[in-house]
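Residue numbers start at 1 and run along the sequence shown.
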Amino acid sequence: MWQEDYVPALVAEALRLIDEDKRLCDAIARAGSALVTPGSRLLTHCNTGGLATAGVGTALGVIAFAHQQGNVSHVWVDETRPLLQGGRLTAWELGELGVPYQLITDSMAASLMAQGQVDAVWVGADRIAANGDVANKIGTYSLAVLAKFHGIPFYVAAPQTTLDPACPNGEAIPIEQRDAREVTGVAGSFGAVQWAPVDAQVYNPAFDVTPAALISGWVLDSGVVTPEEVAKGVFGERMG
């Protein structure tokens, strides 16, 4: 009897979470698309689309919705090394959506910004601290610094559930160190290749932290949060 009661409840909860995620993604897409100006050339990092969520995605959902509105002319897709989520996943999703894009290595973003080829950067978030600091896929912080230097808006799109009430700032976010083999070579159905010396020492953090001071806006399912609001402690209020 216990199992008969447990299984339907588990299925119902899973379906509820799927529906909730779809609604959150739709709300983020609508809120964020209002920040995308006509003819925008956007740059994105990692994967934040339907392959990462149950809905249209977070940052990629914003891009897709803004493209439907005719406001996105081009998307630059970071490969997102070392696991290449941009090259493997985001590029595929944009192609399926009919959004014009070009794939770049992470180190090419600076030159594109210097040439005036990027109008805004859109990324997701794995965790948002109470002070607005954001942990996201490694390489996000670099983009934020570059965007700040070049005067380019840098937006973070994530559901409100990403806010962590127990985390005061980015320094309190633990960063996972991943397998060195992700950096020293590559492996797949084709086999394995190692390009680094076998005794190479590797530093391979999965995430980095972007300080709130570098972020132009946090796009949540509840709406857009501005730097001024974050400075006044709005995240702490929403978490409370």
Query raised in the report: Would a hydrophobic clustering, with Ile, Leu, Val, Met, Phe, Trp and Tyr connected at side-chain separations under 4.5 Å, put Ile138 with Leu146?
Result: no
Query raised in the report: Is any side-chain heavy atom of Tyr101 closer than 4.5 Å to a side-chain heavy atom of His74?
Result: no
Query raised in the report: What pair of heavy atoms forms the shortest contact from Leu43 to Ala109, and how long is it?
Result: CD1-CB, 3.9 Å
**Report entry** Heavy-atom closest pair, residues Ser222 and Gln160
**Finding:** OG-OE1, 2.5 Å
Report summary line: Heavy-atom nearest pair, Val156 first then Ala125, reads CG1-CB, 3.7 Å
Report summary line: Minimal heavy-atom distance between Val230 and Asn131, with the atoms involved, is CG1-O, 3.3 Å
Report, one line per pair, each donor and acceptor closer than 3.5 Å where one atom sits in a side chain of residues 75-82; sequence neighbours left out.
residue: Trp76; atom: NE1; partner: Gln117; partner atom: O; Å: 2.9
residue: Asp78; atom: OD2; partner: His45; partner atom: ND1; Å: 2.9
residue: Glu79; atom: OE1; partner: Arg81; partner atom: NE; Å: 2.8
residue: Glu79; atom: OE1; partner: Arg81; partner atom: NH2; Å: 3.0
residue: Thr80; atom: OG1; partner: Cys46; partner atom: N; Å: 2.7
residue: Thr80; atom: OG1; partner: Asp78; partner atom: O; Å: 3.0

Query raised in the report: Which residues pass the salt bridge (charged side-chain N to carboxylate O under 4.0 Å, His left out) test with Asp199, sequence neighbours left out?
Result: none
**Report entry** Neighbour count >12 (heavy atoms, 6.0 Å) for atom OH, Tyr141
**Finding:** no
Query raised in the report: Heavy atoms, side chains only, cut-off 4.5 Å: are Tyr203 and Gln177 in contact?
Result: yes
Query raised in the report: Can you name the nearest heavy-atom pair linking Ala147 to Val121, along with the distance?
Result: CB-CG2, 4.4 Å
Query raised in the report: So, Asp164 side chain and Ala129 main chain: donor-acceptor pair closer than 3.5 Å or not?
Result: no
Query - Rounded distance [0.5 Å steps], CD1 in Ile215 versus CD1 in Ile128 - result: 7.5 Å
Query - Val56 side chain reached by Phe65 side chain, heavy atoms, under 4.5 Å - result: no
Report task. Report yes if the side chains of Leu143 and Met113 come closer than 4.5 Å at any heavy-atom pair, otherwise no. Result -> yes
**Report entry** Donor-acceptor pair, side chain of Ser33 and main chain of Ala66, under 3.5 angstrom
**Finding:** no
Requested in this report: State the CD1-CG distance between Ile18 and Asp21, to the nearest 0.5 angstrom.
Outcome: 8.5 Å
Query raised in the report: For Asp221, which residues count as a side-chain hydrogen bond (donor to acceptor under 3.5 Å, both in side chains) partner, sequence neighbours excluded?
Result: none
Query - Spacing of Gln85 atom CD and Leu51 atom CG [to the nearest 0.5 Å] - result: 11.5 Å
**Report entry** Qualifying residue for side chain to side chain donor-acceptor pair (under 3.5 Å) with Asn204, from Arg178, Glu182, Glu176
**Finding:** Glu182
Requested in this report: Taking salt bridge (charged side-chain N to carboxylate O under 4.0 Å, His left out) as the test, write out the residues that go with Glu20, two or more places apart.
Outcome: Arg16
Query raised in the report: Which one of Val134, Val145, Thr210 satisfies the side-chain contact (heavy atoms from CB on, under 4.5 Å) criterion with Phe154?
Result: Thr210
Query raised in the report: Transitively linked via ILVMFWY side-chain contacts under 4.5 Å: Leu89 with Leu83?
Result: no
Query raised in the report: If only atom types and distance count, is the side chain of Asp119 paired as donor or acceptor with the main-chain N or O of Leu42 below 3.5 Å?
Result: no
Report task. Mind checking salt bridge (charged side-chain N to carboxylate O under 4.0 Å, His left out) for Glu93 and listing every partner two or more places apart, or none if nothing turns up? Result -> none
Query raised in the report: If only atom types and distance count, is the side chain of Thr58 paired as donor or acceptor with the main-chain N or O of Ala158 below 3.5 Å?
Result: no
Requested in this report: Determine yes or no for a side-chain-to-main-chain donor-acceptor pair under 3.5 angstrom, with Thr53 supplying the side chain and Gly55 the backbone.
Outcome: yes
Requested in this report: In sequence, state the C-alpha distance, the side-chain angles, and the governing distance for Leu220 and Phe235, and then conclude on side chain to side chain contact (heavy atoms under 4.5 Å, CB included).
Outcome: CA-CA 11 Å; Leu220 311 177; Phe235 280 157; 4.0 Å; yes
Report summary line: Value for CZ (Arg127) from CD1 (Ile175), rounded to nearest 0.5 Å, stands at 8.5 Å
Requested in this report: Kindly indicate whether the side chain of Val62, heavy atoms from C-beta on, has any atom under 4.5 Å from the side chain of Ile28.
Outcome: yes
**Report entry** Approximate separation, where rounding is to 0.5 Å, of Lys137 NZ and Thr48 OG1
**Finding:** 12.5 Å
Query raised in the report: Is Gln201 atom CD crowded by more than 12 heavy atoms from other residues, nucleotides or ligands, each under 6.0 Å away?
Result: no
Requested in this report: Output the rest of the hydrophobic cluster of Val183: all Ile, Leu, Val, Met, Phe, Trp and Tyr residues reachable through side-chain heavy-atom contacts under 4.5 Å, sorted by chain and number.
Outcome: Val202
Query raised in the report: Are Trp218 and Ile152 in one and the same hydrophobic cluster, where Ile, Leu, Val, Met, Phe, Trp and Tyr link if side-chain heavy atoms are under 4.5 Å apart?
Result: yes
**Report entry** Where Gly61 and Ala29 come nearest, the two heavy atoms and their spacing
**Finding:** O-CB, 3.6 Å
Query raised in the report: Is atom CZ of Arg41 surrounded by more than 12 heavy atoms (other residues, nucleotides or ligands) closer than 6.0 Å?
Result: yes
Query raised in the report: How many angstroms lie between CG in Asp126 and CD1 in Ile173, if you round to the nearest 0.5 Å?
Result: 9.0 Å
Query - Donor-acceptor contact below 3.5 Å, side chain Thr44 vs main chain Trp122 - result: yes
Query raised in the report: Val72, Leu35: one ILVMFWY side-chain cluster at the under-4.5 Å cut-off?
Result: yes
Query raised in the report: Are Val224 and Tyr155 connected in the hydrophobic side-chain network, where two residues link if heavy atoms are under 4.5 Å apart?
Result: yes
